[in-house]
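Scroll down for the structure; my scribbles are underneath it.
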Amino acid sequence: MTKKQTLRIATYNINGINSRLPVLLRWLEEARPHVVGLQELKCTDEAFPAKDIEAFGYSAIWHGQKSWNGVALLSRVGEPVETGRGLPGDPNDEQSRYIEAAICGILIGNLYLPNGNPWPGPKFDYKLAWMDRLDAYARHLLDSGLPAMLMGDFNVIPTEQDVYKPERWAKDALFSPQAREKFKVLVAQGWTDALRSLHPDERIYTFWHYWRNSFQRDAGIRIDHLLLSPPLAEKLVKAGVDREPRGWDKTSDHAPTWIELKV
DNA sequence: ATGACGCTACGATAGCGA
């Protein structure tokens, strides 16, 4: 790092990277994040638009899957050194929901946590089991003492403060007591919820449904999170949500969510 | 309760996921 003061790291559920490519590239050009974790690529490894992304100055690693899921890490501050692909803890889990790399001396885990609807049901059970595996792995990361972070689409609304109208989400897996409790226990291991720690009293949303003019009414929820280990938390200087891209044409239902770290 | 999107396929509309 030469004279750079801060490192900007973002998470963005792109909801189909090839359909959203113009939106992604426009945002990369305008926001110029140093590191980006993407979720919901909805493409195979072969169909990942690596050349387009490289043309904007980013190295990338990705873990695709036909039709669903898929995660990637982008960096314009050195090539990501991959340290993990697939969440440990279940060798039979074939869903592409986790990719991890060392970038600029930071261990970055990028995740797409299962949605879990309908609740109850097997998809909800899968969500809770996935969260148990994440809990175990996150503990391992903290124990390493490394500057580490876990970011992505957690598909969990942590508290009533993180939803425009709690009663509308009462029967949704994203707001279920079980998922919220597991998220709470995870953070309590010693992670810092970056956005909430810097903005304790604000309403912060990262997702708005396409239907019923949700974005225009700001009827949103906060489900995209960046969790920092103690050595990173002390370097946190800014955090926010880029709401503008959510208003663009043919856009994702999520907005890019980011932090800035002292380097 | 409603419903928007992208993706896929014994495809040209419908089911699935979320």
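Order of the sequence lines sets the chain letters (A, B, ...), proteins ahead of strands, with each chain counted from 1.
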Rounded off to whole Å, could you give me the CG-to-P distance for the A:Asn13 and B:dA18 pair?
11 Å
Co-members of the apolar cluster containing A:Tyr210 [side chain, <4.5 Å]:
none
So for atom CD, which belongs to A:Gln189, do other residues, nucleotides or ligands contribute more than 12 heavy atoms lying within a distance under 6.0 Å?
yes
Could you list all the side-chain hydrogen bond (donor to acceptor under 3.5 Å, both in side chains) pairs where at least one residue sits in residues 216-233 of chain A, not counting sequence neighbours?
A:Asp162-A:Arg222, A:Asp193-A:Arg222, A:Thr206-A:Asp224, A:Trp208-A:Asp218, A:Asp218-A:Arg243, A:Arg222-A:His225, A:Asp224-A:His254
Quickly work out the A:His254 NE2 to B:dG17 C1' distance and round it to whole Å.
12 Å
In whole angstrom, give the distance that lies between atom CD1 of A:Ile223 and atom P of B:dA18.
12 Å
Please report the distance separating the P of B:dC10 from the corresponding atom of B:dC16, rounded so that it comes out in whole Å.
14 Å
For residues A:Leu261 and A:Leu107: do they belong to one hydrophobic cluster (side chain heavy atoms under 4.5 Å, members Ile, Leu, Val, Met, Phe, Trp, Tyr)?
no
Going by the rule side chain to side chain contact (heavy atoms under 4.5 Å, CB included), which residues pair with A:Glu46 if we only count those two or more places apart in sequence or in a different chain?
A:Thr44
Between B:dA18 and B:dT8, how many Å separate the two P atoms, rounded to a whole number?
14 Å
Over how many whole Å does the gap from A:Ile157 atom CD1 to B:dA18 atom C1' extend?
13 Å
Under a 4.0 Å heavy-atom criterion, the protein footprint on nucleotides 1-11 of chain B, written with B, S and -, is BBBBSBSSS--
Tell me what A:Arg246 touches on the nucleic acid: a base, only sugar-phosphate, or nothing, going by heavy atoms under 4.0 Å.
nothing
Please state the C1' separation for the pair B:dA1 and B:dC7 - nearest whole angstrom.
26 Å
Using a cut-off of 4.0 Å on non-hydrogen atoms, how would the nucleic acid contact of A:Phe207 be classed: base, sugar-phosphate, or nothing?
nothing
How many Å lie between CH2 on A:Trp119 and P on B:dA18, as a whole number?
17 Å
Can you list the other members of the hydrophobic cluster that holds A:Phe48, where links are side-chain heavy atoms under 4.5 angstrom apart?
A:Tyr12, A:Ile14, A:Ile17, A:Leu21, A:Val23, A:Leu24, A:Leu25, A:Trp27, A:Leu28, A:Val36, A:Leu38, A:Leu41, A:Ile53, A:Phe56, A:Tyr58, A:Trp62, A:Leu74, A:Trp248
Same-atom distance (P) from B:dG6 to B:dT2, integer angstrom:
22 Å
Clusters formed by hydrophobic residues whose side-chain heavy atoms approach within less than 4.5 Å: which one holds A:Trp119, and what are its other members?
A:Phe124, A:Leu128
